[in-house]
Enquirer: 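There's a structure below that I have some questions on.
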Amino acid sequence: MNVIEANNLKFSYDGKNDAIKGVSFSICSGKYYSIIGHNGSGKSTLAKLLIGLLKPSKDSLKAFGLEYNSKNIKEIRRKVGIVFQNPDNQFIGSTVKDDIAFGLENRCVPQKDMDKIIEEYSKKVDMFDYLDKQPEKLSGGQKQRVAIAGVLAMHPEVIIFDEATAMLDPKGKREISELIKKMRIDNPNLTLISITHDVEEAFNSDEIIVMNEGEIYMSGSPKEILSKSDELEKIHLGVPFLYSLANELNKLGIKVDDYSSLESLVNSICQ
Amino acid sequence: MPINFKDVSFTYSYKTPFENVALNDINATILDKSFTCIVGKTGCGKSTLIQQLNGLLLPTKGEVIVDEFVVSSNRKRRTKKLANLRKKVGIVFQFSENQLFEETVLDDVAFGPTNFKVSKEEARKIAKECLLKVGIKEEYFEKSPFELSGGEKRRVAIAGILALSPSIMVLDEPTAGLDPEGTKEMMELLKKMNESGTTVIVVTHDMNLVLTYATNVIVMSDSRIVKEATPDELFLDNDEKYSLETPYIAKVVQELDKKGIKLDTKVIKDVKSLASEIARKRKNK
Ligand SMILES: Nc1ncnc2c1ncn2[C@@H]1O[C@H](COP(=O)(O)OP(=O)(O)OP(=O)(O)O)[C@@H](O)[C@H]1O
Ligand SMILES: Nc1ncnc2c1ncn2[C@@H]1O[C@H](COP(=O)(O)OP(=O)(O)OP(=O)(O)O)[C@@H](O)[C@H]1O
Ligand SMILES: [Mg+2]
Ligand SMILES: [Mg+2]
């Protein structure tokens with residue numbers, strides 16, 4: 001089932017240049033998507049369109065079969081949650097606890113369940129000890145953890161991460177991706193759209209959407225995208241480390257076919 | 001002159017019920033003209049540490065010495081005009097995009113130099129050069145900085161500090177939010193500045209960048225410095241990892257080592273040099 005459908009979707013900030021130049025795609029329920037693309041390629045703009053923060057061109061976008069209009073927007077936002085690129089844009093509450101609570105109140109979660117949910121999700125992102133702190137007094141990575149907890153606690157059906165883990169340490173990044181993995185096993189309909197510059201992370205998803213200058217340049221499984229890796233460099237992007245090493249080795253006459261893991265790459269070097 | 005941290009401790013909201021120790025008895029030296037990376041897990045104190053470097057935060061205890069400047073909360077010790085220190089030490093903050101404020105991108109970058117007694121015209125010239133260096137094209141110069149993408153904002157913020165030509169350049173996660181090519185170009189730019197005499201201090205979680213670019217690494221954990229080393233010592237020669245991620249290159253070196261292929265790690269800095277070292281070893285075999 002498609003949860004989001006875009007058909008010749010356009011958006012312009014200034015009425016002259018299009019930041020999104022007529023893109024068409026569909027997001028399938030339960031899948032994990034990555035969106036990659038150079039700085040300014042339109043990724044965040046697309047994300048803001050998907051949560052109805054920016055207004056899509058007429059008849060070009062639907063979520064759960066709903067048009068993006070003032071009547072439906074509340075319903076859409078209940079189903080589609082976003083963690084913004086800059087966590088400072090996310091915080092509303094004066095403490096971490098208030099901040100997570102705010103989203104829940106908006107969703108009419110009964111007061112009596114609230115504390116339990118806040119405890120559960122702050123623990124999931126390892127920020128339980130910080131509930132009484134002010135969000136602006138946290139470190140960069142701590143802010144991102146809180147922003148993630150706030151969105152996950154609201155149980156959206158589609159989660160959009162706009163570089164939501166860019167400031168986390170590698171272990172923290174892994175923990176969050178494990179957490180999402182678990183949530184997706186518990187709820188097979190949970191859809192993740194992750195905007196990221198982390199190539200390794202992107203190549204772990206089910207499908208990669210590659211943006212370039214406001215357009216979708218290509219999309220497909222990581223394997224499909226890798227088979228066109230030359231194109232990635234042309235549009236300022238990169239490839240995973242093992243692939244680029246295999247590539248360099250091949251150039252030097254060392255044939256490496258299997259770069260699916262470190263072990264297999266090392267084995268073929270040793271042959 | 002190196003930078004010296006002498007018995008530096010820092011506590012947020014000192015002497016209030018909300019006290020929070022962020023730096024605990026730091027003693028360290030950052031070498032002059034080095035490319036020093038500061039690493040460590042979320043919340044360990046990296047951003048707090050670098051903000052002591054220009055007196056934005058004053059140590060609760062101890063002092064930081066940068067050339068002739070003394071940063072201390074002791075008024076008697078502290079250098080009177082810390083403003084002059086800010087000319088020497090330029091800091092790009094972790095959420096630097098929050099620092100943009102002028103009406104246009106160009107004005108924002110030109111603001112710093114005009115403040116330091118450079119003519120308006122000259123400041124704009126410097127600003128243009130710096131913007132181009134960080135990959136912001138001319139067509140963006142008259143845009144409002146608020147109307148930029150995340151990565152574009154970060155580039156403008158970095159240009160704003162470049163424009164001050166500080167002799168010590170400090171950047172908190174400068175590549176977070178940059179696209180892969182932008183990351184490479186930014187690091188190469190910093191490397192070039194470093195080679196021409198600027199001390200570069202970078203906070204990052206990306207150990208691959210640390211291995212490729214740093215001359216020195218400071219590892220922090222839980223408000224303390226737990227190790228000062230070169231990247232090779234830290235990732236290639238040593239088994240103790242200080243719970244840091246192993247860079248990809250080091251992983252390959254270690255795996256090959258297990259199979260009896262010993263690479264000369266001194267010549268390995270990036271994927272290309274790793275590949276040619278592997279090729280050399282195979283030929284010799
Ligand atoms: N509020 C705004 N007003 C006008 N133009 C904008 C605004 N926000 C972004 N833009 C422009 O629209 C284009 C797309 O921006 P967007 O933020 O979607 O890029 P992005 O792919 O998310 O980039 P990044 O990787 O840097 O975050 C860019 O050229 C940017 O300059
Ligand atoms: N303004 C503040 N007021 C009170 N406590 C703060 C403030 N800023 C940071 N802290 C706390 O001080 C400690 C160190 O924070 P700091 O920002 O230096 O960490 P960091 O190493 O830069 O982490 P990150 O990698 O997440 O950016 C953290 O526990 C944090 O919660
Ligand atoms: Mg963006
Ligand atoms: Mg920090």
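Quick note on labels: first sequence line is chain A, next is B, and so on, each numbered from 1. Computed from a prediction, not measured in an experiment: that's the story for all the values here.
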Enquirer: Just by distance, with hydrogens left out, do A:Asp169 and B:Thr42 show a side-chain donor and acceptor under 3.5 Å apart?
Expert: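 A pair is found: one side chain offers a donor N or O, the other an acceptor, under 3.5 Å apart.
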
Enquirer: Mark yes when over 12 heavy atoms from residues, nucleotides or ligands other than A:Lys97 sit less than 6.0 Å from its NZ; otherwise mark no.
Expert: no

Enquirer: Tell me whether B:Phe18 at atom CZ has more than 12 heavy atoms from other residues, nucleotides or ligands lying less than 6.0 Å away.
Expert: no

Enquirer: Would you say A:Lys133 and B:Asn20 make side-chain contact, with heavy atoms under 4.5 Å?
Expert: yes

Enquirer: Against chain B, label A:Lys43 side chain, backbone, both or neither, depending on which of its atoms sit under 4.5 Å from a heavy atom there.
Expert: neither

Enquirer: Is the number of heavy atoms from other residues, nucleotides or ligands within 6.0 Å of CG (B:Asp222) greater than 12?
Expert: no

Enquirer: Applying a heavy-atom distance below 4.5 Å, give me the residues of residues 93-103 of chain B that approach chain A, sorted by number.
Expert: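 Within residues 93-103 of chain B, near chain A: B:Gln94, B:Phe95, B:Glu97, B:Asn98.
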
Enquirer: Where on A:Asn267 is there a heavy atom nearer than 4.5 Å to chain B: the side chain, the backbone, both, or neither?
Expert: side chain

Enquirer: So what's closer than 4.5 Å to chain A heavy atoms on B:Ser13: side chain, backbone, both or neither?
Expert: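 Only the side chain of B:Ser13 comes within 4.5 Å of chain A.
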
Enquirer: Walk me through whether B:Leu178 and A:His197 qualify under side-chain contact (heavy atoms from CB on, under 4.5 Å).
Expert: CA-CA 7 Å; B:Leu178 295 193; A:His197 289 299; 6.0 Å; no

Enquirer: Measuring from atom CG of A:Leu242 to atom NZ of B:Lys251, what distance do you get when rounded to the nearest 0.5 angstrom?
Expert: 8.5 Å

Enquirer: Measure across B:Ile261 and A:Cys270 and return the closest heavy-atom pair with its distance rounded to 0.1 Å.
Expert: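 Shortest heavy-atom contact: CD1-SG, 3.8 Å.
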
Enquirer: Heavy-atom count around A:Glu233 CD within 6.0 Å, excluding the residue itself: above 12?
Expert: no

Enquirer: Under a 4.5 Å cut-off applied to non-hydrogen side-chain atoms, are A:Leu262 and B:Tyr248 in contact?
Expert: no

Enquirer: Is B:Glu245 salt-bridged to A:Arg174, going by a charged N under 4.0 Å from an acidic O?
Expert: yes

Enquirer: Can you tell me how far CD of A:Glu248 sits from CG of B:Asp270, rounded to the nearest 0.5 angstrom?
Expert: 8.5 Å

Enquirer: Checking A:Lys173 against chain B: side chain, backbone, both or neither under 4.5 Å from a heavy atom?
Expert: neither

Enquirer: What distance do B:Ile278 atom CD1 and A:Ile254 atom CD1 have between them, rounded to the nearest 0.5 Å?
Expert: 6.5 Å

Enquirer: Please list, in residue-number order, every residue in residues 203-212 of chain B that has a heavy atom less than 4.5 Å from any heavy atom of chain A; write 'none' if there are none.
Expert: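 The stretch touches chain A at B:His205.
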
Enquirer: To the nearest 0.5 angstrom, please state how far the CD atom of B:Glu147 sits from the CG atom of A:Asp14.
Expert: 8.0 Å

Enquirer: Under a 4.5 Å cut-off applied to non-hydrogen side-chain atoms, are B:Leu274 and A:Phe241 in contact?
Expert: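 A side-chain contact exists here, since the closest heavy-atom pair is under 4.5 Å.
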
Enquirer: Can you tell which part of A:Gln142 gets under 4.5 Å to a heavy atom of chain B, answering side chain, backbone, both or neither?
Expert: both

Enquirer: For A:Ser44, which atoms come within 4.5 Å of any heavy atom of chain B: side chain, backbone, both, or neither?
Expert: neither

Enquirer: Suppose a student defines contact as a heavy atom less than 4.5 Å from any heavy atom of chain A. Which residues in residues 136-143 of chain B would they list?
Expert: none

Enquirer: So, for A:Ala166 and B:Ala176, which heavy atoms are closest and what is the spacing to 0.1 Å?
Expert: O-CB, 4.1 Å

Enquirer: Let's test your reading of the structure: which of A:Asp198, A:Leu138, A:Thr45, A:Leu249 forms the most heavy-atom pairs below 4.5 Å with chain B?
Expert: A:Leu249

Enquirer: Only heavy atoms, only distances under 4.5 angstrom. Which residues in residues 180-191 of chain B are near chain A?
Expert: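 The residues closer than 4.5 Å to chain A, in numerical order, are B:Pro180, B:Glu181.
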
Enquirer: Can you tell me if A:Lys10 has over 12 outside heavy atoms packed within less than 6.0 Å of its NZ?
Expert: no

Enquirer: Among A:Glu200, A:Glu263, A:Arg145, single out the residue with the greatest number of heavy-atom pairs under 4.5 Å to chain B.
Expert: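 Option with the top pair count is A:Glu200.
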
Enquirer: Can you tell which part of A:Gln144 gets under 4.5 Å to a heavy atom of chain B, answering side chain, backbone, both or neither?
Expert: neither

Enquirer: Heavy-atom cut-off 4.5 Å, strictly under: side chain, backbone, both or neither for B:Leu148 against chain A?
Expert: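 For B:Leu148, there is no contact with chain A at all, as no heavy atom is under 4.5 Å.
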
Enquirer: Relative to chain A, which segment of B:Glu255 carries a heavy atom at a distance below 4.5 Å: side chain, backbone, both, or neither?
Expert: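 The answer is both parts of B:Glu255.
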
Enquirer: Any donor-acceptor pair under 3.5 Å linking the side chain of B:Asp179 with the backbone of A:Asn39?
Expert: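 Present.
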
Enquirer: Under 4.5 Å from any heavy atom of chain A, what part of B:Lys259 do you find: side chain, backbone, both or neither?
Expert: side chain

Enquirer: For chain B, which candidate among A:Leu237, A:Ile36, A:Asn86 shows the most heavy-atom pairs at distances under 4.5 Å?
Expert: A:Asn86

